[in-house]
Amino acid sequence: MKDDKKFKVVSILFGRNKKKLRKEYDEELLYLIDQAKKNWDHARQTEQAVYEVDEELVAETQLAKAKYQFLYQEAKLRNVRGHIQSSVIDH
């Protein structure tokens with residue numbers, strides 16, 4: 001009987017810690033998505049503003065887009081809810 005109580009207490013504590021950790025990492029993921037979106041937008045604006053676009057600039061823009069899309073897909077897979085909307089992605 002005493003062991004059952006210990007098991008319940010331990011499982012409750014670990015469950016709470018797990019939820020807390022998930023929430024912290026979800027918030028970090030949302031922050032990273034925001035930063036990736038800003039970087040991608042900046043790279044696109046730079047590419048449009050430059051008179052002669054070289055391959056390196058195009059590659060940097062594509063990389064910024066890929067990073068953003070990867071993080072966004074990860075958030076969708078993890079069912080992270082926040083201020084990000086699906087209409088944010090440009091294809």
Side-chain angles (χ1 to χ4, degrees):
M1 184 78 165
K2 209 172 193 181
D3 291 331
D4 283 341
K5 286 184 181 180
K6 286 182 183 178
F7 179 74
K8 287 181 183 179
V9 170
V10 169
S11 66
I12 289 172
L13 289 176
F14 280 110
R16 287 184 183 165
N17 285 339
K18 194 175 185 181
K19 288 179 184 178
K20 184 179 176 184
L21 280 175
R22 181 173 175 89
K23 183 178 179 182
E24 288 176 20
Y25 282 105
D26 287 350
E27 289 173 4
E28 179 69 18
L29 180 58
L30 289 174
Y31 173 78
L32 290 173
I33 290 171
D34 283 341
Q35 293 303 310
K37 178 68 167 120
K38 288 176 186 176
N39 290 341
W40 180 29
D41 288 341
H42 179 67
R44 284 190 298 176
Q45 290 171 355
T46 302
E47 190 176 322
Q48 291 173 355
V50 173
Y51 180 71
E52 291 183 25
V53 178
D54 61 351
E55 292 178 18
E56 184 178 347
L57 190 58
V58 172
E60 287 178 16
T61 303
Q62 290 174 344
L63 180 61
K65 178 181 179 179
K67 285 180 183 179
Y68 172 75
Q69 288 178 329
F70 173 79
L71 292 169
Y72 186 85
Q73 285 295 355
E74 184 65 25
K76 283 180 72 173
L77 288 173
R78 293 177 59 169
N79 257 347
V80 175
R81 297 288 183 239
H83 58 279
I84 296 177
Q85 299 173 356
S86 61
S87 62
V88 174
I89 289 190
D90 296 341
H91 287 285

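As the structure is a prediction and not an experimental result, all values here were calculated from the model.
Under a 4.0 Å N-O distance rule, the pair Lys38/Asp34 does not qualify as a salt bridge.
Of the inter-residue distances, the one linking Gln69 atom CD with Lys37 atom NZ reads 10.0 Å to the nearest 0.5 angstrom. Distance check, rounded to the nearest 0.5 Å: OH of Tyr68 to CG of Leu63 gives 15.5 Å. Interatomic distance, Lys20 NZ to Glu24 CD, rounded to the nearest 0.5 Å: 6.0 Å. A distance of 10.5 Å separates CD1 in Ile33 from CD in Glu28, rounded to the nearest 0.5 Å. Taken to the nearest 0.5 Å, the NZ atom of Lys67 stands 9.0 Å off from the CG atom of Leu71. Rounded to the nearest 0.5 Å, atoms CD (Glu47) and CD (Gln62) are 8.0 Å apart.
When hydrophobic side chains of Ile, Leu, Val, Met, Phe, Trp and Tyr are connected at separations under 4.5 Å, Val53 ends up clustered with Val50, Leu57, Val58.
Within the 4.5 Å cutoff, no side-chain heavy atoms of Arg44 are placed close to those of Lys65.
Within 6.0 Å of the CD atom in Glu55, the count of heavy atoms belonging to other residues, nucleotides or ligands does not exceed 12.
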